[in-house]
Amino acid sequence: MDQTTDSLCKTQSLENVPLIMQILAASFCVSEKAANVIRNIMKTGNLGIVEKAKNDLQTEADRAAQRCIVASLHRQFPKVPIFGEESLDPQDVIPEELIETEMSADVLKHPCPTGFQNLKDDDIVIWVDPLDGTAEYTQGLLDHVTVLIGVAVNGVATGGIINQPYHNYQAGPDAKLGRCIWGLVGLGSFGFERQKPPEGENIITTTRSHSNRAVTEAVEACQPSSVLRVGGAGHKQASSDTVRAKPSLSR
């Protein structure tokens, strides 16, 4: 995994760490492993593309990243339900090199909000989209690609990870590649720098490839000064989080 040992938790006792903070800390590291899997498959040039349905693609990167994420989190949290977007063979043997068992010390150093300190396994569900923006991935629009891990508590979306494997990929060979944004209700969001939007601008984020009349009318009703057309829900949200644009209007 492309992290320094300072950001990892290898020996710290987790006895008094709330379950949801452990899940977020593990998901941070797992998403970094999955991001590396996605980049490595792109480098091979063999994407293994199949069409699940009309305009709905799946690649080997989707499949491998989901195996990595689900198997890694299941090993650490075997009683927590985990649902992935891709339909894979449950009999698949997951190579050990796809398993990540580290936790981010950068996440664990944060205090857990009071309402989440005593959660049990069956209070939590983990949702995984291993490669959001698959169409853009196959087209080489790599900044649209994200790894998404969501955490729901008692049926309510509560926290999660947006990992951008190719963040900064156009900034030159010396630029740091990739970014992991994470957050939890009541604690905040981390891993990015907020940018103040231009004065007087009303920038709207919307779908790049799934527009229809209803979406167009909704965008126009907002009277935007400019429209940012983005692929993938994760990239839309990341665009909104950095305050380059307002929350997305999509399907």
Side-chain angles (χ1 to χ4, degrees), residues 1-37 65-85 94 96 98-130 132 146-165 167 178-194 233-234 237-238 240-242 247:
M1 189 176 65
D2 298 328
Q3 293 191 17
T4 64
T5 54
D6 287 344
S7 68
L8 300 180
C9 175
K10 294 185 178 181
T11 59
Q12 177 182 338
S13 171
L14 298 173
E15 183 178 351
N16 297 316
V17 178
L19 176 61
I20 196 166
M21 297 306 295
Q22 292 186 45
I23 289 174
L24 288 172
S27 295
F28 185 105
C29 292
V30 169
S31 76
E32 291 283 85
K33 170 81 82 172
N36 201 43
V37 167
Q66 178 161 307
R67 293 185 188 104
C68 166
I69 296 167
V70 172
S72 297
L73 292 177
H74 180 70
R75 179 171 295 187
Q76 296 184 77
F77 310 103
K79 296 181 180 179
V80 175
I82 304 171
F83 295 93
E85 178 177 327
I94 310 301
E96 197 62 28
L98 287 182
I99 304 296
E100 177 60 73
T101 58
E102 302 290 357
M103 294 186 183
S104 168
D106 290 339
V107 175
L108 292 175
K109 72 183 181 184
H110 290 274
C112 181
T114 304
F116 301 133
Q117 291 179 357
N118 298 306
L119 297 175
K120 306 300 182 187
D121 293 320
D122 55 5
D123 295 325
I124 296 175
V125 176
I126 300 172
W127 301 90
V128 176
D129 186 343
D132 187 43
T146 57
V147 176
L148 304 178
I149 303 175
V151 180
V153 175
N154 296 320
V156 178
T158 301
I161 304 288
I162 300 176
N163 192 301
Q164 297 175 283
H167 178 71
R179 176 172 71 172
C180 188
I181 298 171
W182 69 277
L184 177 64
V185 170
L187 181 60
S189 51
F190 308 89
F192 66 97
E193 231 177 85
R194 290 191 182 274
Q237 186 60 54
S240 301
D241 285 345
T242 53

Undergrad: Can you tell me how far apart CG (Leu119) and CD1 (Ile20) are? Round to the nearest 0.5 Å.
TA: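 Going from the CG atom of Leu119 to the CD1 atom of Ile20 covers 5.5 Å.
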Undergrad: Please report the interatomic distance CD1(Ile162) to CG(Asp132), rounded to the nearest 0.5 Å.
TA: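 Here the interatomic distance stands at 9.0 Å.
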Undergrad: Would you compute the distance between atom CD1 of Ile181 and atom CZ of Phe28 and round it to the nearest 0.5 angstrom?
TA: 10.5 Å
Undergrad: Which one of Ile124, Ile149, Ile161 satisfies the side-chain contact (heavy atoms from CB on, under 4.5 Å) criterion with Ile23?
TA: Ile124
Undergrad: Got a second to check how far Thr146's OG1 is from Arg179's CZ, nearest 0.5 Å?
TA: 11.0 Å
Undergrad: Is it the case that the side chain of Gln22 and the backbone of Val17 share a donor-acceptor pair, with hydrogens and angles ignored and the cut-off at 3.5 Å?
TA: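 Side chain of Gln22 to backbone of Val17, a donor-acceptor pair under 3.5 Å: yes, one is there.
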Undergrad: Can you name the side-chain contact (heavy atoms from CB on, under 4.5 Å) partners of Asp121, sequence neighbours left out?
TA: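 Partners of Asp121 under the side-chain contact (heavy atoms from CB on, under 4.5 Å) test: Leu19, Lys79, Val80.
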Undergrad: Output every pair passing ring-ring contact (aromatic ring centres under 6.0 Å, His included) with a member in residues 98-124, not counting sequence neighbours, ordered by first then second residue.
TA: His110-Trp182, His110-Phe190
Undergrad: Tell me, please, which residues at least two apart from Glu96 pass salt bridge (charged side-chain N to carboxylate O under 4.0 Å, His left out).
TA: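 Salt bridge (charged side-chain N to carboxylate O under 4.0 Å, His left out) list for Glu96, sorted by chain: Arg75.
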Undergrad: Apply side chain to side chain donor-acceptor pair (under 3.5 Å) to Ser27 and list each qualifying residue two or more places apart in sequence or on a separate chain.
TA: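 Scan of Ser27 (side chain to side chain donor-acceptor pair (under 3.5 Å), adjacent residues dropped) gives none.
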Undergrad: Mind checking side-chain contact (heavy atoms from CB on, under 4.5 Å) for Ala34 and listing every partner two or more places apart, or none if nothing turns up?
TA: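 Expected list: Ala65, Cys68, Ile69, Val147.
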Undergrad: Would a distance-only check, ignoring hydrogens and angles, find a side-chain to backbone donor-acceptor pair under 3.5 Å from Glu102 to Ser104?
TA: no
Undergrad: Quick one: do Leu98 and Lys33 satisfy side-chain contact (heavy atoms from CB on, under 4.5 Å)? Show the steps, please.
TA: CA-CA 8 Å; Leu98 287 182; Lys33 170 81 82 172; 5.7 Å; no
Undergrad: List the residues meeting side-chain contact (heavy atoms from CB on, under 4.5 Å) with Ala152, not counting sequence neighbours, and say none if there are none.
TA: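 Once residues adjacent in sequence are excluded, the partners of Ala152 under the side-chain contact (heavy atoms from CB on, under 4.5 Å) criterion are Trp127.
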Undergrad: Given the rule in the side-chain contact (heavy atoms from CB on, under 4.5 Å) test, do Leu184 and Met21 qualify, once you have shown the distances and angles that lead to the verdict?
TA: CA-CA 9 Å; Leu184 177 64; Met21 297 306 295; 3.8 Å; yes
Undergrad: So, for Pro130 and Glu85, which heavy atoms are closest and what is the spacing to 0.1 Å?
TA: CD-CB, 4.3 Å
Undergrad: Report yes if some heavy atom in the side chain of Asn163 is under 4.5 Å from a heavy atom in the side chain of Glu32; otherwise report no.
TA: yes
Undergrad: Apply side-chain contact (heavy atoms from CB on, under 4.5 Å) to Ala26 and list each qualifying residue two or more places apart in sequence or on a separate chain.
TA: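 Listed in chain order: Leu73, Gln76, Phe77, Met103.
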Undergrad: List the atom of Ile99, the atom of Ser72, and the distance in Å for their closest heavy-atom pair.
TA: CA-OG, 3.4 Å
Undergrad: State, with a plain yes or no, whether a side-chain heavy atom of Val185 is found less than 4.5 Å away from one of Pro113.
TA: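 No, side chains not in contact.
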